[in-house]
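This report concerns only the one structure given below.
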Amino acid sequence: MDTMKILKPFDAHVHLRDGELLRAVVPFTARQCWGAIAEPNLKPPITTRAQARSYADRITAAAGPDFVPFVLAYFTDTLDPQEFVDGLTEGDFFGVKFYPRGATTNSENGIEDVSLLWTRGTRQFDIIEATKTTRGVVQLHGEANFTKGGEELDPYDKETYFYTEIMPRLQDAHPQVKFSGEHITTSEAAAYARKNGGEYFGVSVTAHHLLIDRRDVYRGGYHPHSFCLPVVKRVRHTEALHELLYGDHSFVWAGSDSAPHDWKNKESECCSGGVFSAPAMVELYAQAAENIGLQKLALERFLSRNAPAFYTLTPPQEYITLEKTLWDFLGHIEYGDSPTDYVRYWDYPELKWRMKYD
Ligand code: NCD
Ligand code: ZN
């Protein structure tokens, strides 16, 4: 097989940033995907309908009219429930994004006390419940910073703690809410998905968490462009993700978590978390699929069908073509006034598929 034609993908998790950087990065996602869920961790975070509408307009202005952005509200401790419900009803918000406070880039406005999410009578509880009638989704950055007893968690244990201690409580408290666990990286999260995946729970997996394990991050010195959150885990976890994909489940899909940062924030003012993969999102996933032995139709479901079905969206009948050709994913994009303002691609040598553009 030398070419592969697949339904145009949907990116269920991407950081498109704002301003000049937004204008520089959006075209990469828009040329490969018909739509994407745009993460709301801007500065300031997106919490009002007016902010969401104007962010969607800025994305559309940069991407062109064929690309559809779905904007989330940032789940802060002060998010106004009425504003949120109105925004969901009117289509300004697609759902709400939970970050544990301080867990990742621009998460200082995240939820401080996660137990409020399953405690009746709290604003946080009501916001989650509100997504039921308005068909919104609750996207989760599935990590915890602290144990119940207040002990700080090791970065390699934060996700496992979330999927063993927190996620079951969340789903018990909100049985008919649609939750999506973002960018999962561990065997424990994969096991949780296998057990609970379906109408009310699904997960996204990034290409980079499928392509590398932590040996790659440390080999020959630290690789800051592979530093992302959740951190890349040891090989048995990467293999658990492979197995999950190989299972070809409807509740598993692509969310690139492409997260551009200026090179200075990655290399000299070390080190912002985030992998900039958008310029080769589809090719990186195709490479992962090839490594895992995933068939074309399973790859197409993962990239293009499963997330829209979960989120009740109808993908347009548009297709992309990939050609078999060896190439190196290397480069950078300039975005500011100065030539030193640039973002380096997450580099990955020897990709075997390349998307064909008209
Ligand atoms: C993301 C970013 O840079 O905004 N970083 C990352 O490492 N994934 C935030 C996030 O999704 O955690
Ligand atoms: Zn992200």
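For ligands, and for the atoms within them, numbers begin at 1 and follow the listed sequence. Since we're looking at a predicted model, the values are computed, not measured.
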Where's the contact between Glu182 and ligand 1, heavy-atom distance under 4.0 Å: side chain, backbone, both or neither? neither
Assess the side chains of Thr76 and Asn109: does a donor N or O sit below 3.5 Å from an acceptor N or O? no
With a 4.0 Å heavy-atom cut-off (strictly under), which part of Asn41 contacts ligand 1: side chain, backbone, both or neither? side chain
Could you give the distance from OH (Tyr161) to CD (Glu143), rounded to the nearest 0.5 Å? 13.5 Å
Atom 8 (N) of ligand 1: nearest protein contact (heavy atom, Å): Asp257 OD2, 2.7 Å
Is the closest side-chain donor-acceptor distance between Gln51 and Tyr74 under 3.5 Å? no
When you measure from atom 7 (O) of ligand 1 to every protein heavy atom, which one gives the shortest distance, and what is it? Leu229 N, 2.8 Å
Hey, mind stepping through Lys264 and Asp341 against salt bridge (charged side-chain N to carboxylate O under 4.0 Å, His left out) and telling me if it holds? CA-CA 8 Å; Lys264 294 183 276 305; Asp341 293 338; 3.5 Å; yes
In terms of side-chain heavy atoms, does Tyr335 have a donor or acceptor partner in Asp262 at a distance below 3.5 Å? yes
Is the count of non-hydrogen atoms from other residues, nucleotides or ligands lying under 6.0 Å from Tyr319 atom OH greater than 12? yes
Distance-only donor-acceptor check, side chains Gln139 and Tyr99, under 3.5 Å: no
Sub-4.0 Å heavy-atom approach of Arg17 to ligand 1: yes
One residue to check: Glu39. Relative to ligand 1, which of side chain, backbone, both or neither has a non-hydrogen atom less than 4.0 Å away? neither
Among His261, His15, Gln139, which one puts a heavy atom closest to atom 3 (O) of ligand 1? His261
Quick check: do Thr238 and Ile212 have side-chain heavy atoms less than 4.5 Å from each other? no
Quick look: His208 vs ligand 1, heavy-atom contacts under 4.0 Å, and the answer is neither
Atom 9 (C) of ligand 1: the protein heavy-atom neighbour that sits closest, reported with distance to 0.1 Å: Thr104 OG1, 3.3 Å
Got a sec, which pairs hit salt bridge (Lys or Arg N to Asp or Glu O under 4.0 Å) with one end in residues 51-66, sequence neighbours left out? Asp18-Arg58, Arg53-Asp92
Polar atom proximity, Ala259 to ligand 1 (N or O, under 3.5 Å): no
Protein heavy-atom partner closest to atom 5 (N) of ligand 1 - residue, atom, separation in Å: Gly273 O, 3.0 Å
Count up the protein N, O or S atoms sitting under 2.8 Å from the Zn ion (ligand 2), would you? 3
Tell me the salt bridge (Lys or Arg N to Asp or Glu O under 4.0 Å) pairs involving residues 322-339, sequence neighbours left out? Glu290-Lys324
Name all pairs fulfilling the ring-ring contact (aromatic ring centres under 6.0 Å, His included) condition that reach into residues 285-314, sequence neighbours left out, sorted by first residue then second. Phe94-Tyr311, Trp253-Phe310, Trp253-Tyr311, Tyr285-Phe302
